[in-house]
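Numbering of ligands and ligand atoms starts at 1, following listing order. Everything numeric here is computed off the predicted structure, so don't read it as measured data.
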Amino acid sequence: MPMVNLKELSFDAVDKFVRDLGWPGYRAQQLREWIYRKRVSDIDAMTNLSKSDRDRLRSKAIVGELELSTRRRSEDGTQKFLFRLSDGQEVEAVLIPDEERHTLCISTQVGCTLDCKFCLTGTMGLIRNLKAHEIVDQVLWTQGQMDANSALTNVVLMGMGEPLANYREVVEALSRLTNPKMVSFSPRRITLSTAGLVPQIRKLGESGLNVNLAVSLNATTNAVRDRVMPAINKRYPIETLLRACRDYPLPPRRRLFFEYVLLKGVNDSETDARRLLQLLKGLRCKVNLIPFNEYPGSPFARPDDETVLRFQAILLKAGFSAFIRKSRGRDILAACGQLRTEATVPA
Ligand code: SAH
């Protein structure tokens with residue numbers, strides 16, 4: 001019998017594992033508490049199990065952990081973690097401390113299929129999807145690093161990969177993260193960001209997970225969106241995407257987020273800002289403007305601050321909430337669209 005990694009088991013599978021051992025049912029919840037709340041990976045530390053039960057468990061199971069391969073700290077306090085997975089592949093997560101929050105940006109795939117022209121991860125192609133436990137482990141590992149007065153407050157699925165292209169594992173990970181009997185992270189403090197896979201947006205809306213949804217719009221015409229996000233926009237052009245957004249069943253008092261990467265001379269004009277207003281009219285939403293983060297060899301440039309502020313002012317004047325996303329961790333290539341495992345960054 002191969003060893004079971006308890007972290008690979010769904011909620012129900014932990015119940016079954018415990019039943020198969022002939023143990024009482026409540027033991028399943030004890031295991032979940034050790035794994036997801038106390039983040040214990042040493043079975044011998046599970047002190048509400050008797051010595052003989054621990055020995056039995058140790059002969060059948062382990063509690064796997066992510067292995068940190070490199071850690072880099074930016075001048076602004078942002079940290080980038082590079083993790084090595086059990087098959088040797090690597091993914092990144094970024095911890096962004098702020099005055100009142102600590103946000104962790106996690107990855108959902110090694111690489112990405114989408115090939116958005118402004119994104120460094122896109123240049124890797126897709127190597128593989130992450131498993132649910134590899135997604136959850138990025139959160140658990142980071143929680144284990146934080147001290148008592150700096151708990152993780154927010155999780156964003158905006159790292160490497162397109163979360164909705166790995167729908168099944170991502171939804172399983174979200175359900176473990178939000179389950180009050182597992183990680184118990186508030187769904188209001190989790191945001192999934194998508195380039196716009198329309199069928200999966202609709203499915204996510206019906207899933208009842210109630211996490212926040214961010215949509216990377218990034219252009220106001222199909223001509224420009226086809227150029228910067230060809231793989232996704234050819235399948236789900238702007239009108240189709242926005243129809244799904246209008247249909248999205250938003251819980252009361254919640255809003256959709258739209259991300260808009262500002263690329264110099266490509267989508268940053270006043271005409272673009274006014275077209276964006278028209279497109280988003282009537283939608284309960286917030287707009288996050290992300291001035292393009294450059295990386296070695298990047299084919300676009302970052303607009304100057306004046307252009308960014310002018311774009312924002314047009315949205316604000318029309319009554320939209322529009323924020324300029326501060327770039328964090330640019331000096332260590334940890335900002336949006338700069339993630340790609342170190343080993344594969346061209347010299
Ligand atoms: N695939 C998902 C999540 C990962 S990208 C998505 O597309 O939403 C997370 C965000 O970073 C997206 O809004 C994307 O448009 C933005 N982004 C990608 N590359 C960027 C870059 N070089 N500079 C600024 N933002 C970038």
Side-chain angles (χ1 to χ4, degrees), residues 78 91-94 96 103-126 129-130 135 138 154-167 170 174 190-198 200-201 204 211-220 224-225 227-233 235-236 238 241 244-245 256-264 266-268 276 285-303 308 311 323-340 345:
T78 301
V91 285
E92 291 173 315
V94 180
I96 309 151
T103 303
L104 183 69
C105 175
I106 61 174
S107 295
T108 55
Q109 297 182 309
V110 185
C112 189
T113 46
L114 290 183
D115 191 26
C116 298
K117 298 304 178 193
F118 47 81
C119 179
L120 184 59
T121 304
T123 63
M124 296 173 66
L126 179 70
N129 283 323
L130 293 191
I135 299 170
Q138 296 170 59
N154 296 70
V155 170
V156 296
L157 282 67
M158 298 187 187
M160 296 167 69
E162 166 49 47
L164 294 184
N166 181 16
Y167 189 84
V170 164
L174 291 173
I190 300 180
T191 301
L192 180 153
S193 178
T194 179
L197 268 79
V198 165
Q200 289 86 340
I201 288 177
L204 185 73
V211 297
N212 299 301
L213 178 67
V215 175
S216 301
L217 190 58
N218 299 344
T220 60
V224 173
R225 206 166 189 265
R227 187 177 143 208
V228 297
M229 303 175 75
I232 191 80
N233 203 60
R235 276 160 75 195
Y236 308 111
I238 293 177
L241 173 58
C245 293
L256 288 174
F257 302 117
F258 285 96
E259 289 155 294
Y260 193 93
V261 180
L262 287 161
L263 307 165
K264 183 174 185 168
V266 176
N267 65 359
D268 61 348
L276 185 57
C285 67
K286 245 188 230 183
V287 179
N288 283 316
L289 301 172
I290 319 176
F292 176 64
N293 293 311
E294 298 178 357
Y295 49 85
S298 60
F300 296 103
R302 183 186 186 87
V308 173
F311 198 100
F323 297 87
I324 298 170
R325 179 90 66 77
K326 255 192 295 174
S327 269
R328 303 287 303 264
R330 267 199 287 164
D331 54 333
I332 55 166
L333 287 186
C336 297
Q338 295 184 316
L339 299 186
R340 173 167 163 173
V345 173

Asks: Suppose we measure from atom 22 (N) of ligand 1 to each protein heavy atom; which comes out shortest, and what is that distance?
Replies: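 Result for atom 22 (N) of ligand 1: F118 O, 2.9 Å.
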Asks: Using only atom types and a distance under 3.5 Å, with no angle test, would you say the side chain of N288 pairs donor to acceptor with the backbone of F257?
Replies: no
Asks: Considering the heavy atoms of A195, write down every atom of ligand 1 situated less than 4.0 Å from one of them.
Replies: 6 (C), 7 (O), 8 (O)
Asks: Counting heavy atoms only, which of M158, K117, Q109, E162 is nearest atom 9 (C) of ligand 1?
Replies: M158
Asks: For L197, does its backbone N or O pair with a side-chain atom of R235 as donor and acceptor, under 3.5 Å?
Replies: no
Asks: Identify which one of I106, I135, V110 satisfies the side-chain contact (heavy atoms from CB on, under 4.5 Å) criterion when paired with V91.
Replies: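 That would be V110.
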Asks: Return the closest protein heavy atom for atom 4 (C) of ligand 1 as residue, atom name and distance.
Replies: G159 O, 3.4 Å
Asks: Can a side-chain donor-acceptor contact be found between S327 and N293 if the only test is distance below 3.5 angstrom?
Replies: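 Yes, because at least one side-chain N or O of N293 sits under 3.5 Å from a partner of the opposite role on S327.
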Asks: Under a heavy-atom criterion of less than 4.0 Å, does G196 contact ligand 1?
Replies: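 Per 4.0 Å heavy-atom rule, G196 does not contact ligand 1.
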Asks: Quick check for you: to the nearest 0.5 Å, what is the distance between L204 atom CG and L174 atom CG?
Replies: 7.5 Å
Asks: In the protein, what heavy atom is nearest to atom 12 (C) of ligand 1, and what distance, to one decimal place, separates them?
Replies: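 Of the protein heavy atoms, S216 OG, 3.1 Å lies nearest.
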Asks: Just by distance, do the side chain of N233 and the backbone of M229 share a donor-acceptor pair under 3.5 Å?
Replies: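 Not confirmed, N233 side chain does not pair with M229 backbone.
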Asks: Is there a donor-acceptor pair closer than 3.5 Å between any side-chain N or O of N218 and the backbone N or O of V261?
Replies: yes
Asks: Report, in ascending order of atom number, the atoms of ligand 1 lying under 4.0 Å from any heavy atom of I290.
Replies: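 Within the 4.0 Å cut-off of I290, ligand 1 contributes 24 (C), 25 (N).
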Asks: With the threshold set at under 4.0 angstrom, would you say A165 reaches ligand 1 through any of its heavy atoms?
Replies: no
Asks: What protein heavy atom sits nearest atom 21 (C) of ligand 1, and how far away is it?
Replies: C336 O, 3.1 Å
Asks: Answer yes or no: is there a side-chain heavy-atom contact under 4.5 Å between V224 and L263?
Replies: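 V224 does not reach L263 side chain to side chain.
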Asks: Counting heavy atoms only, which part of N293 comes closer than 4.0 Å to ligand 1: side chain, backbone, both or neither?
Replies: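 Answer for N293: both.
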Asks: Among all the protein's non-hydrogen atoms, which is closest to atom 16 (C) of ligand 1, and how far away is it?
Replies: V261 CG2, 3.7 Å
Asks: Going by distance only, is there an N or O of G161 that falls short of 3.5 Å from an N or O of ligand 1?
Replies: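 Yes; the residue has a nitrogen or oxygen that sits under 3.5 Å from a nitrogen or oxygen of the ligand.
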Asks: Examine the side chains of E259 and S216 and answer whether a donor and an acceptor come within less than 3.5 Å of each other.
Replies: yes
Asks: How close does the nearest protein non-hydrogen atom get to atom 10 (C) of ligand 1, and which residue and atom is it?
Replies: E259 OE2, 3.9 Å
Asks: Would you say T194 and E162 are linked by a side-chain donor-acceptor pair, where the criterion is simply a distance under 3.5 Å?
Replies: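 Looking only at side-chain atoms, T194 and E162 do form a donor-acceptor pair, the distance falling under 3.5 Å.
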Asks: Relative to the heavy atoms of N218, which atoms of ligand 1 are at a distance of less than 4.0 Å?
Replies: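 Atoms satisfying the 4.0 Å criterion: 15 (O).
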Asks: For atom 19 (N) of ligand 1, grab the closest protein heavy atom and report residue, atom and distance to one decimal in Å.
Replies: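 It is G337 CA, 2.9 Å.
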